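To start, the structure itself, in structure tokens.
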Amino acid sequence: MEVKLWNDKRERELLESLADLYAIIKATEKLERAYVRDLVSATDYEAECLKLISQFNSLSSSLAGVVTIPRFVEAYRLDCPAALNRLVQSGVPATVELRAAASSSAPASSAASAAAIAQCVQSFITAMDAVKLNMLANDQVRPLLHDLSTSMGKLGPVLPPDFEGKVKVSEWLAKLNKMGAGDELTEQQARQLNFDLDSAYSAFMASLPSTGL
């Protein structure tokens with residue numbers, strides 16, 4: 001007798017999303033252990049970790065109201081403490097935390113805390129993810145860019161006033177302020193915004209001191 005796991009398309013999509021969530025958590029746990037054991041380079045670890053964090057954030061947002069992460073972990077008996085710390089508590093790769101800690105302890109940047117830098121990284125990731133997911137309405141994009149601008153503003157000496165990310169985000173906010181709430185970015189504008197955010201993020205990461213890893 002055939003056992004059906006779902007009755008309709010909606011149930012099927014939900015189960016597939018839960019399976020993806022399970023896979024992301026397990027993959028992150030393995031990645032964290034590999035990094036601790038020096039089985040993966042810091043560069044490769046950071047790239048993969050950022051991708052997993054981005055996927056986790058997108059998926060958990062889509063499942064909000066349907067399942068909570070603690071209940072999911074309990075229901076499926078997931079023993080993944082490192083993954084949950086990285087995905088839920090931290091929200092940024094360990095390499096970013098280390099650079100943030102190094103930056104906050106440097107004399108020239110004592111005003112910037114590791115937490116503020118980590119928050120800025122998360123703001124960058126959230127904004128970039130939104131654009132890639134075609135969340136292009138003004139009332140969707142502008143709050144994210146405003147949060148990013150605020151996060152960068154809290155970093156004091158780490159990011160000078162003429163830092164390209166600050167300049168570009170300010171320019172985009174000025175454009176969006178002239179648009180209606182429901183107006184959407186064109187395909188060309190979305191492409192340019194994605195490029196500007198990606199460039200600004202790369203410049204931001206390069207501005208943080210190296211940990212020597």
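Start at 1 with the first residue, then count along the sequence. Only a predicted model underlies this, so the values are computations on that prediction, with no experimental measurement involved.
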Nearest-0.5 Å distance that lies between atom CD1 in Ile25 and atom CG in Leu52: 11.0 Å
For the student: nearest non-hydrogen atoms of Glu184 and Ala137, plus distance: CG-CA, 3.8 Å
Side chain to side chain contact (heavy atoms under 4.5 Å, CB included) assessment of Leu21 paired with Ile69: CA-CA 9 Å; Leu21 182 61; Ile69 299 304; 4.1 Å; yes
Asp183 (side chain) donor-acceptor with Asn138 (main chain) under 3.5 angstrom: no
Any donor-acceptor pair under 3.5 Å from Thr150 side chain to His146 backbone: yes
For the student: nearest non-hydrogen atoms of Ala190 and Leu185, plus distance: N-CB, 4.3 Å
Approximate separation, where rounding is to 0.5 Å, of Lys166 NZ and Ser151 OG: 11.5 Å
Arg86 side chain to Thr28 backbone, donor-acceptor under 3.5 Å: no
CA sep, side-chain torsions, deciding dist, call: Asp20, Gln55, side chain to side chain contact (heavy atoms under 4.5 Å, CB included): CA-CA 9 Å; Asp20 289 340; Gln55 293 171 337; over 6 Å; no
Transitive ILVMFWY side-chain link Leu87 to Leu18, under 4.5 Å: yes
Residues forming a side-chain hydrogen bond (donor to acceptor under 3.5 Å, both in side chains) with Ser41, sequence neighbours excluded: Asp44
Side-chain touch Met152/Phe204, heavy atoms, less than 4.5 angstrom: no
Donor-acceptor under 3.5 Å (Thr126 side chain, Ser123 main chain): no
Reported CD-to-CG distance for the pair Gln140 and Leu133, which is rounded to 0.5 angstrom: 10.0 Å
Euclidean distance, Met205 CE relative to Cys120 SG, rounded to 0.5 Å: 10.0 Å
Within 6.0 angstrom of Asn177 CG, more than 12 heavy atoms from elsewhere: yes
For Val169 against Leu145, the heavy-atom pair lying closest together: CG1-O, 3.5 Å
Ile53-Leu59 co-clustered via ILVMFWY side chain contacts under 4.5 Å: yes
Thr186 to Gln189 - nearest heavy-atom pair and separation: N-OE1, 2.9 Å
Results of side-chain hydrogen bond (donor to acceptor under 3.5 Å, both in side chains) for Glu46 - residues two or more places apart only: Thr95, Arg99
Arg191: side-chain hydrogen bond (donor to acceptor under 3.5 Å, both in side chains) partners, not counting sequence neighbours: none
Separation of Cys80 SG from Arg33 CZ (nearest 0.5 Å): 7.0 Å
Nearest heavy-atom neighbours spanning Leu159 and Ser207: CD2-OG, 3.9 Å
Side-chain heavy atoms of Val92 within contact of Gln119, under 4.5 Å: no
Point-to-point distance, once rounded to the nearest 0.5 Å, from CD1 of Ile24 to OG of Ser58: 8.5 Å
Same apolar cluster (I L V M F W Y, side chains within < 4.5 Å links), Leu173/Val131: yes
Intermediate values then yes/no, side chain to side chain contact (heavy atoms under 4.5 Å, CB included), Leu84 and Leu78: CA-CA 10 Å; Leu84 295 175; Leu78 280 167; over 6 Å; no
Ring pair (Phe, Tyr, Trp, His ring centres under 6.0 Å) pairs, two or more places apart, involving residues 61-89: Phe72-Tyr76
Exceeds 12 heavy-atom contacts within 6.0 angstrom, atom NZ of Lys168: no
Check: Ser54 and Met128 side chains under 4.5 Å, non-hydrogen atoms: no
Residue pairs, two or more places apart or on separate chains, that pass salt bridge (charged side-chain N to carboxylate O under 4.0 Å, His left out) and touch residues 133-152: none
Derivation of the salt bridge (Lys or Arg N to Asp or Glu O under 4.0 Å) call for Glu74 and Arg71: CA-CA 5 Å; Glu74 181 181 1; Arg71 288 184 60 186; over 6 Å; no
N-O pairing of Glu29 and Lys26 below 4.0 Å: no
Less than 3.5 Å apart, which donor and acceptor atoms pair up between the side chains of residues 193-201 and the rest of the protein, not counting sequence neighbours?
{"from": "Asp196", "atom 1": "OD1", "to": "Gln192", "atom 2": "NE2", "distance (Å)": "3.0"}
{"from": "Asp196", "atom 1": "OD2", "to": "Trp172", "atom 2": "NE1", "distance (Å)": "2.9"}
{"from": "Ser199", "atom 1": "OG", "to": "Phe195", "atom 2": "O", "distance (Å)": "3.0"}

Close side-chain approach of Asp79 and Pro81, heavy atoms under 4.5 Å: yes
Leu144 reachable from Leu176 in the ILVMFWY side-chain graph, under 4.5 Å edges: no
Aromatic ring pairing Tyr35/Tyr45, orientation class (parallel under 30°, perpendicular over 60°, tilted between): parallel
